[in-house]
Amino acid sequence: QVHLVESGGGLVQAGGSLRLSCAASGRNISNYAMGWFRQGPGKEREFVATIGYTGRFTNYADSVKGRFTISRDNAKNAVYLQMNSLIPEDTAVYYCAQAYSSGLSLKISDYIYWGQGSQVTVSS
């Protein structure tokens with residue numbers, strides 16, 4: 001069992017930046033891909049970014065490509081999401097998740113453990 005806790009969310013103006021952190025406990029996540037998803041008001045949960053178990057490979061949703069960067073520190077059992085050039089459409093609850101496998105994972109069904117979410121609000 002893995003317990004994931006997100007932090008770093010908040011209110012930011014358009015054009016600003018935030019860095020989300022995801023701390024894992026209960027088990028080492030270094031052998032698994034990790035991902036970030038988000039769910040905006042009245043919307044379904046959607047894929048944002050994923051990172052392979054070594055951190056070498058990443059994949060992003062088109063809507064965040066070039067603005068967001070996913071990274072991990074396996075020594076700290078943690079994953080991060082650096083969000084730059086934020087726009088109001090990025091407003092959502094952001095979730096960290098651990099995949100079933102080590103490779104890049106883009107679907108909700110690829111993930112077994114989820115955090116409770118961190119609210120990000122971008123004002124215009």
Side-chain angles (χ1 to χ4, degrees):
Q1 184 80 14
V2 172
H3 185 52
L4 301 172
V5 178
E6 301 94 338
S7 62
L11 174 64
V12 63
Q13 288 189 329
S17 298
L18 282 175
R19 186 188 192 221
L20 299 182
S21 298
C22 173
S25 61
R27 194 173 70 182
N28 196 314
I29 61 170
S30 62
N31 292 326
Y32 301 94
M34 298 294 293
W36 286 95
F37 289 75
R38 67 186 182 185
Q39 187 164 12
K43 298 181 180 179
E44 294 186 351
R45 192 171 299 189
E46 63 177 3
F47 166 75
V48 174
T50 182
I51 186 166
Y53 77 106
T54 65
R56 181 179 177 186
F57 298 105
T58 60
N59 198 310
Y60 298 89
D62 288 343
S63 59
V64 307
K65 203 170 292 183
R67 301 188 297 122
F68 289 12
T69 302
I70 188 172
S71 61
R72 67 190 299 162
D73 186 337
N74 286 338
K76 294 184 178 180
N77 224 29
V79 181
Y80 309 96
L81 186 68
Q82 177 67 43
M83 305 184 293
N84 298 329
S85 302
L86 284 160
I87 59 178
E89 290 75 16
D90 294 321
T91 295
V93 176
Y94 283 73
Y95 297 91
C96 170
Q98 183 213 293
Y100 284 98
S101 67
S102 60
L104 299 181
S105 303
L106 280 67
K107 298 179 295 184
I108 290 174
S109 58
D110 290 336
Y111 291 82
I112 181 172
Y113 297 114
W114 294 81
Q116 83 291 347
S118 180
Q119 176 69 48
V120 171
T121 302
V122 184
S123 63
S124 57

Filter on salt bridge (Lys or Arg N to Asp or Glu O under 4.0 Å), then keep only pairs touching residues 83-105, sequence neighbours left out; what's left? Arg38-Asp90, Arg67-Asp90
With sequence neighbours left out, which residue pairs that include part of residues 114-124 fulfil the salt bridge (Lys or Arg N to Asp or Glu O under 4.0 Å) condition? none
Here the pair of heavy atoms bringing Ala24 nearest to Val2 is CB-CG1, 4.2 Å
Could you pull out all residues at least two apart from Gln39 that satisfy side-chain hydrogen bond (donor to acceptor under 3.5 Å, both in side chains)? none
Which pairs, with at least one residue in residues 12-124 and sequence neighbours excluded, count as a disulfide (SG to SG under 2.5 Å)? Cys22-Cys96
Could I get the full list of side-chain contact (heavy atoms from CB on, under 4.5 Å) partners for Ala23, not counting sequence neighbours? none
Could you tell me which residues satisfy side-chain contact (heavy atoms from CB on, under 4.5 Å) with Ser7, sequence neighbours excluded, listed by chain and number? Ser21
Are Leu18 and Val122 connected into the same hydrophobic cluster when the rule is that any two of I, L, V, M, F, W, Y join if their side-chain heavy atoms are below 4.5 Å apart? yes
For Pro88 versus Ser124, what's the shortest heavy-atom pair and its separation? CG-CB, 3.9 Å
Indicate the atoms forming the closest heavy-atom contact of Ala78 with Tyr80, along with that distance. CB-OH, 3.5 Å
CD on Gln116 to OG on Ser118, rounded to 0.5 Å: 7.5 Å
Among pairs that include at least one residue of residues 25-37, which meet side chain to side chain donor-acceptor pair (under 3.5 Å), considering only residues two or more places apart or in two chains? Asn28-Ser30
Taking side chain to side chain donor-acceptor pair (under 3.5 Å) as the cut-off, I'd like each qualifying pair that reaches into residues 68-78, sequence neighbours left out, listed once. Arg72-Asn74
Same apolar cluster: Leu81 and Val12, side chain cutoff 4.5 Å: yes
Please tabulate, for side-chain N and O atoms in residues 106-113, each donor-acceptor pair with protein atoms closer than 3.5 Å (sequence neighbours left out).
{"unit_1": "Asp110", "atom_1": "OD2", "unit_2": "Leu106", "atom_2": "N", "d": "3.3"}
{"unit_1": "Asp110", "atom_1": "OD2", "unit_2": "Lys107", "atom_2": "N", "d": "3.1"}
{"unit_1": "Tyr111", "atom_1": "OH", "unit_2": "Thr50", "atom_2": "OG1", "d": "3.1"}
{"unit_1": "Tyr111", "atom_1": "OH", "unit_2": "Ser105", "atom_2": "O", "d": "2.5"}

ring-ring contact (aromatic ring centres under 6.0 Å, His included) pairs touching residues 50-79, sequence neighbours excluded, are none
Which residues pass the salt bridge (Lys or Arg N to Asp or Glu O under 4.0 Å) test with Lys43, not counting sequence neighbours? none
Between CD1 on residue Ile51 and CG on residue Asn59, distance to nearest 0.5 Å: 11.5 Å
Going only through I, L, V, M, F, W and Y residues with side-chain contacts under 4.5 Å, is there a path from Phe37 to Met34? no
Euclidean distance, Gln82 CD relative to Ile70 CD1, rounded to 0.5 Å: 12.5 Å
To the nearest 0.5 Å, atom CG of Leu4 lies from atom CD of Gln98 at 7.0 Å
Drop me the distance from Thr91's OG1 to Gln119's CD, to the nearest 0.5 angstrom. 7.5 Å
Can you tell me how far CH2 of Trp114 sits from CD of Glu6, rounded to the nearest 0.5 angstrom? 10.0 Å
Check the pair Arg45, Tyr95 against side-chain contact (heavy atoms from CB on, under 4.5 Å), reporting the backbone distance first and the verdict last. CA-CA 9 Å; Arg45 192 171 299 189; Tyr95 297 91; 3.4 Å; yes
